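Here is the structure we will look at.
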Amino acid sequence: MVGYDEVYTRSLADPEGFWREAVQALEWQHPPQQVLDSSRAPFTRWFPDGVLNTCHNAVDRHVHAGRGEQPALIWDSPVTGSQRVLSYVELRDEVARCAGALAGLGVVAGDRVVISMPMVPEALVAMLACARLGAIHSVVFGGFAARELAVRIDDARPKVVVSASCGFEGARLVEYKPLLDRALELASHRVDGCVMLQRPEHPVALVPGRDVDWDEALAAAEPAGCVPVRATDPLYVLYTSGTTGRPKGVVRDNGGHAVALRWSMEAIYDTGPGEVFWAASDVGWVVGHSYIVYAPLLAGCTTIVYEGKPVGTPDPGAFWRVASEHGVKTLFTAPTAFRAIKKEDPKGEHLARYDLASFAALFLAGERLDPDTYEWAADLLGVPVIDHWWQTETGWPIAANPLGIERLATKPGSPSRPMPGWDVRILDEAGAEVPAGTEGAVCMRLPLPPGALTTLWDDDERFVDSYLARYDGYYLTGDGGYVDADGYLFIMGRVDDVINVAGHRLSTGSMEEVLATHPDVAECAVIGVADPLKGHVPHGFVVCKAGAERDEQALAAELVALVREQVGPVAAFKHVHVVDRLPKTRSGKILRATMRSIADGRAYETPSTIDDPAILDEIADALRAR
Ligand code: COA
Ligand code: AMP
């Protein structure tokens, strides 16, 4: 049997041969003759002359191959007490009608469609309908505020927005319509129309001349066929947090994405046609794009769409109920979900109520998997628990334990080894590779494999500046870490101003921008502070303007409300410290990294450039008092 070492080595020695073979798992209108085009490096393109349709490969192809009656999608919504199963035939028909409705609103290949929806089957239908037309979807997570949605609308300039009347956060009803109305008011870009899904729990009044009703539009539409597109044409733009308040529009192509995701399902997740795959995430994140929607469907699996939480909907046995009821083979979620379950059901008593005969593996990603949570899950479940590391930009795992190739020995705290195609190197400040065991910047040698981002939407320059300019010939991940003597990677966390809160990626810069707008705030800094449940939570440090005699608690409450209103509830911004000064270098740069070390109780050296070392004690006092 060919093992990991051989497969990995070959993928780097002969990338074209390696990925040419993977192409064959898909149907192409024009199979690519050329595998990699490096003529415009660093803008490399995979399968430049290939022509295909991603929706055809994810949906119609399986109907033609005799899987039409197999469930493609199972929607399980404990928050509304509903379930719905769509077979591949039913999914194809609904997607074709949705594509017809979008086409009726003027959407053609290359147009953008913003999708802002809760975890309902229609969210997937809308995404696949865009893919069917060759249109480019941009899904925006529902936990962001109207302003964040407006920023994304202005950047993507969609022809149409698809949304719903409401979502549910546990028992809380989240109104989507006012959020959309406000975002469209704030945005300078004008859309041609909105398709609104009316949920029976909370129908809303539609805006005449702007909104069309989902059901009516689909009922009236002619089913649309799949439009062949170039492999290099964009499939979607997904905004992710950068280090500033302006999100980055990660662009994914059609061909490389389909090839890589299809390949990953068997090689990494060991899940194949007819098997049930469940990514308990949200379609608004990359995990949702890749492993709720595209990868399982490209592989002919059944995907679970779950509208609920790990706990509280109704209890910490929710994951086990869903896994047992629908015969889940592979579950993928964030460590924070398991920490939440562990907190409420430390002995795993809820698990004992369910038969998990089909359950074969748990994959965790989105943030560091702490060894305690790993041990707890592994002991409880008795199946492989796989930590794997990736980013919105990469679209699929950079490092993992590839169950479909070879199950590697596990080292708690490590997402194991680099996956085929990812040439991971650890570099020092000067760009030299560091020896095993030494921490540095985690980078990948170019070219990146299929499925990785091809650029940032409408901003090639920012793409190069953000990822490629720091080290010539390498992609900068923004994570720090090391590789040990056995080739195992250890990710120690972000080295920039991005934080992961409950598996959600957020920019501290965007929160700082909001705090700075408060009339009483002179200056501020936001850092991520370790939290036993959410991994990290943001803490804001603010210095008041001279003369602003404010009650600290009242000011803190105003600032918390401001971030919730401007960034969104998902920021989980609840801690504000009013301080006299912020630690800065003599040139005025705020020492956020030192503040992070203090907050996490890690050893740090007082930077020689600091203007007044005593401020560090004040920061430590403020954190201790929280
Ligand atoms: N729409 C509207 N609001 C949302 C939202 C959405 N889609 N998602 C989250 N929010 C809100 C939450 O309701 C919460 O609001 P609150 O402050 O009023 O309580 C806030 O944003 C913070 O959410 P979260 O950090 O998720 O905290 P939580 O207490 O609701 O749940 C967990 C904690 C651990 C159960 C939850 O974060 C979880 O399941 N995480 C898994 C993360 C995940 O799937 N990540 C994707 C990568 S794999
Ligand atoms: P996102 O783009 O939202 O997927 O977030 C990507 C970031 O999450 C990475 O850059 C890491 O900082 C972090 N991350 C994701 N998976 C892991 C993991 N398995 N271990 C450690 N950090 C992770």
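Note that these values count all heavy atoms, side chains included, but never hydrogens, waters or copies made by symmetry. Owing to the predicted nature of the structure, the values given are computational and were not obtained by experimental measurement.
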Open item on the list: Would Arg199 and Glu307 count as a salt bridge (charged side-chain N to carboxylate O under 4.0 Å, His left out) here? Give the steps.
Closed with: CA-CA 13 Å; Arg199 300 194 71 182; Glu307 189 181 33; 2.8 Å; yes

Point-to-point distance, once rounded to the nearest 0.5 Å, from [atom1] of [X] to [atom2] of [Y]:
X: Glu27; Y: Gln29; atom1: CD; atom2: CD; result: 8.5 Å
X: Leu86; Y: Leu73; atom1: CG; atom2: CG; result: 5.5 Å
X: Leu149; Y: Tyr176; atom1: CG; atom2: OH; result: 10.0 Å
X: Trp320; Y: Leu331; atom1: CH2; atom2: CG; result: 7.0 Å
X: Phe168; Y: Thr313; atom1: CZ; atom2: OG1; result: 13.0 Å
X: Phe573; Y: His539; atom1: CZ; atom2: NE2; result: 9.0 Å

Open item on the list: Test salt bridge (charged side-chain N to carboxylate O under 4.0 Å, His left out) on Glu90 and Arg84; report intermediate values, then the result.
Closed with: CA-CA 11 Å; Glu90 289 165 334; Arg84 187 178 166 205; over 6 Å; no

Taking atom types as modelled, find out whether [X] and [Y] have a side-chain donor-acceptor pair closer than 3.5 angstrom.
X: His62; Y: Gln70; answer: no
X: Ser138; Y: Arg112; answer: no
X: Tyr306; Y: Thr333; answer: no
X: Asp460; Y: Thr455; answer: yes

TODO: From the options Val114, Val160, Leu184, select the one residue that forms a side-chain contact (heavy atoms from CB on, under 4.5 Å) with Val191.
DONE: Leu184

Is the closest side-chain heavy-atom distance between [X] and [Y] below 4.5 Å?
X: Arg152; Y: Pro158; value: no
X: Arg321; Y: Asp76; value: yes
X: Ser165; Y: Trp214; value: no
X: Ile115; Y: Tyr236; value: no
X: Val537; Y: His575; value: yes
X: Cys226; Y: Arg132; value: yes
X: Leu91; Y: Leu128; value: yes
X: Val521; Y: Leu559; value: yes

- [ ] Could you please spell out the steps behind the ring pair (Phe, Tyr, Trp, His ring centres under 6.0 Å) verdict for Trp278 and Phe319?
- [x] CA-CA 10 Å; Trp278 178 22; Phe319 274 20; 4.9 Å; yes

Task: Glu222, CD: over 12 other non-hydrogen atoms inside 6.0 angstrom - done: no

- [ ] State whether the number of non-hydrogen atoms from other residues, nucleotides or ligands found under 6.0 Å of Arg45 atom CZ is greater than 12.
- [x]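 Yes, CZ of Arg45 has more than 12 neighbouring heavy atoms, counting only those of other groups under 6.0 Å.
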
Using modelled atom types and a 3.5 Å cut-off, is there a donor and acceptor pairing between side-chain atoms of [X] and backbone atoms of [Y]?
X: Asp253; Y: His257; result: yes
X: Tyr239; Y: Ala156; result: yes
X: Glu122; Y: Leu197; result: no
X: His388; Y: Leu364; result: yes
X: Arg494; Y: Ile499; result: no
X: His289; Y: Trp285; result: yes
X: Glu367; Y: Thr336; result: yes
X: Ser507; Y: Ser241; result: no
X: Thr240; Y: Lys248; result: no
X: Ser77; Y: Ser82; result: no

Open item on the list: Could you check whether Arg252 makes a cation-pi contact with Tyr294, meaning its NZ or CZ is under 6.0 Å from the centre of the six-membered ring and within 45° of the ring axis?
Closed with: no

Open item on the list: Is there a salt bridge (charged side-chain N to carboxylate O under 4.0 Å, His left out) between Glu393 and Arg505? Walk through the geometry before answering.
Closed with: CA-CA 12 Å; Glu393 289 85 346; Arg505 174 166 158 183; 2.9 Å; yes

TODO: For side-chain contact (heavy atoms from CB on, under 4.5 Å), just list the numbers for Val120 and Trp75, CA-CA rounded to whole Å, side-chain angles, deciding distance to a tenth of an Å, and then say yes or no.
DONE: CA-CA 7 Å; Val120 289; Trp75 178 54; 4.0 Å; yes

TODO: State whether Lys309 and Glu169 are salt-bridged, where the test is any N-O pair (Lys NZ or Arg NE/NH1/NH2 against Asp/Glu carboxylate O) under 4.0 Å.
DONE: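 Result for this pair is yes, salt bridge flagged.
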
Open item on the list: Do the side chains of Arg246 and Asp459 get close enough for a salt bridge, i.e. N-O under 4.0 angstrom?
Closed with: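 Result for this pair is yes, salt bridge flagged.
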
TODO: Please step through side-chain contact (heavy atoms from CB on, under 4.5 Å) for the pair His137 and Val162, ending with a clear verdict.
DONE: CA-CA 10 Å; His137 59 69; Val162 184; over 6 Å; no

TODO: Would you please test Arg210 and Asp181 for salt bridge (charged side-chain N to carboxylate O under 4.0 Å, His left out) and show each step?
DONE: CA-CA 11 Å; Arg210 186 195 78 180; Asp181 292 347; 2.8 Å; yes

Nearest heavy-atom pair of [X] and [Y]: which atoms, and what distance?
X: Leu179; Y: Phe144; value: CD1-O, 3.6 Å
X: Leu180; Y: Ser163; value: CD2-CB, 3.9 Å
X: Cys98; Y: Ala126; value: SG-CA, 4.0 Å
X: Arg182; Y: Ala146; value: CG-CB, 3.5 Å
X: Gln391; Y: Ile398; value: CG-CD1, 4.2 Å
X: Leu218; Y: Ala101; value: CD1-CB, 4.1 Å

Open item on the list: What verdict does the side-chain contact (heavy atoms from CB on, under 4.5 Å) test give for Ile527 and Thr508, after you've listed the backbone C-alpha separation in whole Å, the side-chain angles of each residue and the deciding distance to 0.1 Å?
Closed with: CA-CA 6 Å; Ile527 58 166; Thr508 52; 5.7 Å; no

Task: Whether Tyr269 and Phe277 hold their rings parallel, tilted or perpendicular, with breakpoints at 30° and 60° - done: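 Taking Phe277 first and then Tyr269, their aromatic rings stand perpendicular (interplane angle over 60°).
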
Task: Tyr291 vs Ser281, side-chain contact (heavy atoms from CB on, under 4.5 Å): CA-CA, chis, key distance, verdict - done: CA-CA 9 Å; Tyr291 292 104; Ser281 177; over 6 Å; no

